[in-house]
2 protein chains.
Amino acid sequence: MTRERSIPEAALPRLALYLRVLGELTENGAERVSSDELASATGVNSAKLRKDLSYIGSNGTRGVGYEIAPLMHALEGTLGLTQNRSVALVGIGNLGHALVGYSGFAERGFRISALFDVDPDLVGIPIGGIVVEHTRRIPEVCPERGVTIGVVATPGQAAQGACDLLVDAGVRCILNFAPVVLQVPSEVDVRKVDLAVELQILSFHASQHGPGTLPRVVNR
Amino acid sequence: MTRERSIPEAALPRLALYLRVLGELTENGAERVSSDELASATGVNSAKLRKDLSYIGSNGTRGVGYEIAPLMHALEGTLGLTQNRSVALVGIGNLGHALVGYSGFAERGFRISALFDVDPDLVGIPIGGIVVEHTRRIPEVCPERGVTIGVVATPGQAAQGACDLLVDAGVRCILNFAPVVLQVPSEVDVRKVDLAVELQILSFHASQHGPGTLPRVVNR
DNA sequence: AGCCGCATGTGAACGCAGGCACAAAATAGC
DNA sequence: GCTATTTTGTGCCTGCGTTCACATGCGGCT
């Protein structure tokens with residue numbers, strides 16, 4: 001029962017990163033790790049790493065390092081991964097299909113337990129073992145299956161409608177891939193992944209790097 | 001020739017957002033917009049928005065607002081979108097296929113001009129009009145086609161190798177979907193999209209919201 | 001059993017980003 | 001032509017996140 005309410009938002013992606021890398025270290029047979037080792041493996045400053053871990057009340061041992069197994073448990077507990085989370089996916093297009101097939105979710109304890117689309121050719125068809133339901137059934141199906149996280153992978157025009165249905169269904173955490181700004185009540189938490197924006201940011205940096213130069217082959 | 005080197009990193013995703021929303025406003029027939037209007041349409045504080053726009057040396061008219069067309073040109077110029085950017089995609093799995101079919105890239109001037117995979121069943125097959133090449137041909141094909149941005153959508157184990165080949169090919173901007181920390185020379189810019197991490201962050205917030213409660217149906 | 005060395009945990013300073021509030025500027029009206 | 005109104009552009013302040021550096025505490029060695 002660690003009542004640490006004060007984990008900086010900026011630290012959360014790093015905590016997830018530490019968890020993943022610790023898993024890899026375990027597979028390689030490691031049992032302990034120092035902050036410097038984990039820092040270089042994750043590309044994070046070691047002081048920042050130690051501070052991040054201190055947020056979750058975790059205890060390493062001075063002069064020794066961190067015991068990997070309990071540290072991973074602490075991270076999983078903090079990130080809420082101990083309770084297997086049920087995910088609903090709305091919009092079974094190209095991206096939706098890819099998400100259903102993505103193994104990384106199951107590896108972290110996320111189970112896609114409901115699929116929704118408006119396409120009559122899709123409704124009723126099982127994909128990855130789950131039968132696609134019509135989007136209008138979101139408020140009915142999601143509570144039945146204990147959905148806590150909704151993923152919106154619809155085209156832009158349909159995204160707000162899908163989001164509204166999810167909110168009606170009691171879903172308070174939404175991951176949005178559609179290129180629109182979703183309007184939600186304040187108690188709902190939305191994260192946005194916009195692939196075009198990512199490319200535009202890279203494009204900006206490409207312009208800054210070598211203004212007006214063609215890519216050049218580096219001799220190895 | 002705006003030599004404004006000092007655009008805060010945090011402003012870049014917002015600039016891309018403004019650009020997209022301005023495009024939507026144009027489709028609706030608007031020609032001018034005030035910072036307050038654009039701010040509420042994007043969910044950004046209006047002072048922050050004006051500051052963001054001031055970074056790109058853009059000039060609105062006091063008392064009137066911003067002329068949409070020149071503002072969009074300024075944004076496109078700053079983000080480097082005026083030069084049509086050529087993108088290489090490595091790893092044609094589920095996600096790779098979805099990315100090839102994603103229309104949002106072309107809408108922003110990004111052209112996927114090269115596909116790579118190691119699967120002999122894929123090499124030689126055209127997908128979306130582009131023939132898949134073997135990954136080993138990256139250093140040869142990318143310079144030919146003027147690739148400036150590389151997208152890594154391989155499984156985790158293959159990602160570093162794909163990345164190294166892209167770097168050898170002179171690609172200095174990489175978007176990485178694989179759940180690994182890529183090691184690159186300092187002049188190369190990597191952005192990371194990790195879907196599992198996004199879900200874990202939401203999971204954390206779900207735990208914080210209503211600790212230990214099942215989702216509840218909100219009566220509408 | 002006591003001391004030495006080493007890695008953690010954290011206090012403090014720094015830098016960046018966000019937000020308020022106002023001055024500057026440009027148009028419209030008189 | 002002058003004034004009032006409106007909206008931009010920005011100086012300043014506040015708060016958060018990152019980094020440095022050091023004190024703290026634990027295990028190992030003799």
Side-chain angles (χ1 to χ4, degrees), chain A residues 2 4-18 21-22 25 30-72 74-75 78 181 201 204-205 208, chain B residues 2 4-18 21-22 25 30-72 74-75 78 186 201 204-205 208:
Chain A
T2 48
E4 319 285 347
R5 304 210 166 275
S6 55
I7 299 182
E9 188 69 24
L12 293 177
R14 293 195 298 269
L15 294 181
L17 175 62
Y18 305 151
V21 173
L22 287 170
L25 291 175
E31 294 181 0
R32 274 202 297 262
V33 70
S34 73
S35 64
D36 273 338
E37 288 166 344
L38 188 54
S40 71
T42 55
V44 171
N45 178 298
S46 73
K48 180 161 38 172
L49 185 146
R50 289 195 296 274
K51 194 161 281 191
D52 286 345
L53 294 185
S54 77
Y55 294 138
I56 65 175
S58 147
N59 276 338
T61 310
R62 294 176 191 232
V64 177
Y66 297 90
E67 207 78 23
I68 292 183
L71 182 56
M72 286 181 70
L75 285 168
T78 301
V181 181
I201 293 171
F204 169 81
H205 287 133
Q208 298 296 96
Chain B
T2 48
E4 319 285 347
R5 304 208 166 275
S6 56
I7 300 180
E9 187 69 25
L12 293 177
R14 293 195 298 270
L15 293 181
L17 174 63
Y18 305 150
V21 173
L22 287 170
L25 291 175
E31 294 182 0
R32 274 202 297 263
V33 70
S34 73
S35 65
D36 273 337
E37 288 166 344
L38 189 54
S40 70
T42 53
V44 171
N45 179 297
S46 73
K48 182 163 32 173
L49 185 147
R50 289 196 296 275
K51 196 165 282 190
D52 286 346
L53 294 184
S54 77
Y55 293 138
I56 65 175
S58 147
N59 276 338
T61 310
R62 295 175 190 230
V64 177
Y66 297 89
E67 207 80 23
I68 292 183
L71 182 54
M72 287 182 70
L75 284 167
T78 302
S186 61
I201 293 170
F204 170 81
H205 287 134
Q208 300 296 95

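Given the structure is predicted, the values throughout are model-derived calculations rather than measurements. Protein chains get the first letters and strands the later ones, always in sequence-line order, with residue 1 at the start of each.
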Handout entry: Distance-minimising heavy-atom pair for B:S46 and B:S35
Key = CB-O, 4.1 Å
Handout entry: A:D52 versus A:A11, closest heavy-atom pair with distance
Key = OD1-CB, 3.5 Å
For a quick test of reading the model: is some side-chain N or O of [X] closer than 4.0 Å to OP1 or OP2 of [N]?
X	N	result
A:K48	D:dT19	yes
A:N59	C:dG9	yes
A:S35	C:dT8	yes
A:Y66	C:dG9	yes
B:R14	C:dG18	yes

Looking only at N and O atoms, is any donor in the side chain of [X] or the base of [N] less than 3.5 Å from an acceptor on the other one?
X	N	value
B:R62	D:dT8	yes
B:R50	D:dT8	no
A:K51	D:dG17	no

In whole angstrom, give the distance that lies between atom [atom1] of [X] and atom [atom2] of [N].
X	N	atom1	atom2	value
B:D52	D:dT8	CG	P	14 Å
A:Y55	C:dT8	OH	C1'	15 Å
A:L71	C:dT8	CG	C1'	13 Å
A:I7	D:dG17	CD1	P	12 Å
A:D36	D:dA21	CG	C1'	14 Å
A:N45	C:dA7	CG	P	16 Å
B:E9	D:dT18	CD	P	14 Å
B:L12	C:dC16	CG	C1'	14 Å

Fill in the blank from the handout: Ranking A:V64 and B:G60 by the position along DNA chain D of their nearest nucleotide, the one closer to 5' is B:G60
Problem - Residue met sooner reading DNA chain D from 5', once B:T61 and A:A10 are mapped to nucleotides - result: B:T61
Handout entry: Test item: B:S34 side-chain N/O and B:E37 main-chain N/O as donor-acceptor pair under 3.5 Å
Key = yes
Completion exercise
Given the options B:L17, B:I68, B:L49, B:L38 meets side chain to side chain contact (heavy atoms under 4.5 Å, CB included) only with B:L49
Exercise for the section: Mark yes when over 12 heavy atoms from residues, nucleotides or ligands other than B:R32 sit less than 6.0 Å from its CZ; otherwise mark no. Expected result: no
